[in-house]
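Numbers here are sequence positions counted from 1. Computation of the quantities below employed the complete heavy-atom set of this structure, encompassing side-chain atoms and omitting hydrogens, waters and symmetry-equivalent molecules.
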Amino acid sequence: MSLRARLLSAVVIIALAAGLFAVSLFGTGTPGGASESLFSSRTTLNLWYSDADLMDYLNDAAVSYNNSQSKVRVEPKLMDAANYFQEINDASVQDRDLPDVFIIGNDSLGRAWLAGLASQVVNDSHFSSTQTYPQAALDAVTYEGNYVAYPLCFETGALLYNRDYLADMADAAGVAAGDAVPGTMVDIINMANSYDAPEEVSAVLKWDVSDIFYNYGFVGAYMDVGGRAGDNPDKLSVYNDKLISCMQVYQQLNSYFAIDTDTDDYEDVISDFADGRIVFTFATSDAVKTIRDRIAAGDSSIDYGVAAIPDSTAELATKTMSVTQCLVINGYSTHSAEAGDFIRYLLYQHMQDFYDRTGKPPAQAGYAYSDEHMNGFYDAYTDSVPITKLREASNFWMMLENAFSQVWNGADANSTLHDLDQQLMVQITGNEEYRVDTLPDPEPVNISSELTGMD
């Protein structure tokens, strides 16, 4: 080889070495990039999640955080939802590329804490009052008196109403449109009775009566499954006079709103609402994006509002249920301090476009939504009941959903709730011989006697 060739080869080798050194210092800008994995001296934080809707946001947050400092590299990883919790547990126990941070629903926090998978939140002033998080979010991440996770986003139910139809109803009833948003289910029936609906309206009120998320509100004010934080097995009340009355009223609604439990599923109901065929419906926050996309595509021109789910009657209140997705620092991680720093960066410095990127409402107070309809869902969240964390009651929602279905289709409310309580207590106590006493029927609430029209 000539001297010139040897010199050129040396230059190439030096250039390559310089390039590799630069990559090892600054990375590629891609979380989990092969070059950074090979040459970086940074601490790697593994972030696991199972909801694909979070992918773009979490990847962007990781890149932003990785570029903001030189000590830690965050690597997000989308996991299969089917065995997600078990995968977290197995990887942690076996110390096999475990997640330092993971995202789970608040209903799984009890399992995570008891398995050593969740660490207590320490030295975060945002938890000291309800200025940053509403009480529902704080309760959602509380277990045995400890904050064991950070609230990220939530889902809950609310009432959607067609503003144009509601204005017509208010006109017909002789009240101001601003006062026409129904406060009770009886109000809706009274409004329907005095309303000459347009031909395109097929139902005044319709919701997916087969889904517990939209039914729970009817009993939420008087049902207790684990106390305020949903973590106390000694605080259980799923069978009492108020609940029997609530279920009796719920059953009567079948006579006023003929809803088919087999055919009127959630997607169809939201589609009908967007098409202007329904005046009122119960929905979760995902409906906002569905309707917005329909409007943007020119398939809908609906003008609608969002409000709290109406009380059953003037005497029987409602309270919706919520699920909060949480960021958890793995108790098995040796990088808990670094994990906490990243979580606080994500929550308090990188949430501005969270809703627009994910379609999910943040659990933080004061968030500026790009779609004003989401404010109604946030208001509903602040007054919601967090789903229970009791492992012994993990199938309670399926049991309650079945109870609602039975009552809707004519089963006795008292005996149905009695059987629900009996089944739950056998699970909680582990005593197959446990027996729940039958309560006498409370004074019946007859909706028809309250149908006096709007004043």
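Put simply, the side chain of Val238 reaches to within 4.5 Å of the side chain of Phe396, judged on heavy atoms. Ile104 has its side chain within reach of Ile88: a pair of non-hydrogen atoms, C-beta onward, lies under 4.5 Å apart. With a 4.5 Å cut-off on side-chain heavy atoms, Lys389 and Trp113 do not count as touching. Residues Asn89 and Arg111 form no side-chain contact, since every pair of their non-hydrogen atoms from C-beta on lies 4.5 Å or further apart. Val249 is not listed as a side-chain neighbour of Met185, based on a closest heavy-atom distance of 4.5 Å or more.
Interatomic distance, CZ of Arg435 versus NE2 of His418, reported as 8.5 Å (0.5 Å rounding). Annotation: the span from Phe342 atom CZ to Tyr65 atom OH amounts to 8.0 Å, rounded to 0.5 Å. Interatomic distance, CZ of Phe213 versus OG of Ser322, reported as 7.0 Å (0.5 Å rounding). One finds the CD1 atom of Ile244 at 3.5 Å from the CG atom of Asn414 (value rounded to the nearest 0.5 Å). Distance check, rounded to the nearest 0.5 Å: CG of Leu47 to CD1 of Ile103 gives 5.5 Å. Rounded to the nearest 0.5 Å, atoms CZ (Phe127) and OG1 (Thr142) are 8.5 Å apart.
Nearest heavy-atom pair, Asp311 versus Ala317, reported as atom, atom and distance to 0.1 Å: OD1-CA, 3.4 Å. When all heavy atoms are compared, the tightest approach of Val225 to Leu236 is CA-CD2, 3.9 Å. When all heavy atoms of Leu316 and Lys242 are compared, the closest pair comes out as CD2-CD, 4.0 Å. Nearest heavy-atom pair across Leu117 and Val328 is O-CG1, 3.8 Å. The two residues Tyr266 and Ala283 make their nearest non-hydrogen contact at OH-CB, 3.6 Å. The shortest non-hydrogen separation linking Phe377 to Ala158 is CE2-CB, 3.6 Å.
Not a single donor-acceptor pair under 3.5 Å links the side chain of Tyr332 to the backbone N or O of Ala91. Although no hydrogens or angles enter the test, the distance criterion places a donor-acceptor pair under 3.5 Å between the side chain of Asp80 and the main chain of Ala82. Remark: the backbone N or O of Ile278 is not paired with any side-chain donor or acceptor of Asp272 at under 3.5 angstrom. Side chain of Arg357 to backbone of Asp56: a donor-acceptor contact under 3.5 angstrom is found. In this structure, Ser300 contributes its side chain and Ala274 its backbone to a donor-acceptor pair below 3.5 Å. Side chain of Tyr367 to backbone of Tyr355: a donor-acceptor contact under 3.5 angstrom is found. The main-chain N or O of Tyr381 is never found under 3.5 Å from a side-chain atom of Thr156 such that the two would form a donor-acceptor pair. Checked by atom type and distance alone, the side chain of Asn254 pairs as donor or acceptor with a backbone atom of Trp408 at under 3.5 Å. No donor-acceptor pair under 3.5 Å is formed between the side chain of Asp53 and the backbone N or O of Thr358. The closest donor-acceptor contact from the side chain of Thr281 to the backbone of Lys206 lies under 3.5 Å.
A salt bridge links Arg163 with Asp303: the distance from a Lys NZ or Arg NE/NH1/NH2 to an Asp or Glu carboxylate oxygen falls below 4.0 Å. Taking 4.0 Å as the cut-off between side-chain N and carboxylate O, Glu75 and Lys77 do not count as a salt-bridged pair. Residues Asp139 and Arg228 are paired through a salt bridge, judged by an N-O separation under 4.0 Å between the basic side chain and the carboxylate.
At a cut-off of 3.5 Å, with distance as the only test, a side-chain donor of Tyr214 or Thr284 sits close to an acceptor on the other residue. Side chains of Thr382 and Gln135: a donor-acceptor N/O pair is absent below 3.5 angstrom, by distance only. In this model, no donor atom of one side chain and acceptor atom of the other lie less than 3.5 Å apart for Asn375 and Tyr369.
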Give the C-alpha distance, both sets of side-chain angles, the deciding distance and a yes or no for side-chain contact (heavy atoms from CB on, under 4.5 Å) between Met247 and Val219.
CA-CA 7 Å; Met247 289 296 256; Val219 296; 3.9 Å; yes
Would you check, one step at a time, whether the test side-chain hydrogen bond (donor to acceptor under 3.5 Å, both in side chains) holds for Ser210 with Glu401?
CA-CA 7 Å; Ser210 67; Glu401 189 173 89; over 6 Å; no
Could you please spell out the steps behind the salt bridge (Lys or Arg N to Asp or Glu O under 4.0 Å) verdict for Arg96 and Asp90?
CA-CA 8 Å; Arg96 173 176 46 83; Asp90 291 348; 5.3 Å; no
side-chain contact (heavy atoms from CB on, under 4.5 Å) between Leu159 and Phe282, intermediate numbers included:
CA-CA 5 Å; Leu159 174 77; Phe282 304 151; 3.7 Å; yes
Show your reasoning for whether side-chain contact (heavy atoms from CB on, under 4.5 Å) applies to Thr429 and Glu392.
CA-CA 9 Å; Thr429 64; Glu392 302 90 339; over 6 Å; no
Check the pair Leu346, Leu152 against side-chain contact (heavy atoms from CB on, under 4.5 Å), reporting the backbone distance first and the verdict last.
CA-CA 9 Å; Leu346 188 152; Leu152 176 61; 4.1 Å; yes
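Atom CD of Gln69 has more than 12 neighbouring heavy atoms from other residues, nucleotides or ligands inside a 6.0 Å radius. By the neighbour-count criterion of 12 heavy atoms within 6.0 Å, atom CG of Asn123 is sparsely surrounded, having that number or fewer from other residues, nucleotides or ligands.
A ring-centre distance under 6.0 Å is not found for Tyr84 and Trp48.
When the ring-ring contact (aromatic ring centres under 6.0 Å, His included) test is applied to Tyr434, no partner is found at least two apart in sequence or on another chain.
Counting only residues at least two apart or in different chains, side chain to side chain donor-acceptor pair (under 3.5 Å) contacts with residues 338-351 comprise Asp60-His350, Ser64-Tyr345, Asp124-Tyr348, Tyr133-Tyr348, Tyr150-Arg344, Asp341-Arg344.
Test Asp356, Asp299, Asp371, Asp286 against Arg292 for salt bridge (Lys or Arg N to Asp or Glu O under 4.0 Å) and you get one pass: Asp371. When each of Val141, Thr388, Val323 is paired with Asn106, the side chain to side chain contact (heavy atoms under 4.5 Å, CB included) condition holds for Val323 and for no other.
The aromatic rings of Trp207 and Phe257 sit perpendicular to each other, their planes meeting at more than 60°, with 30° as the lower class boundary.
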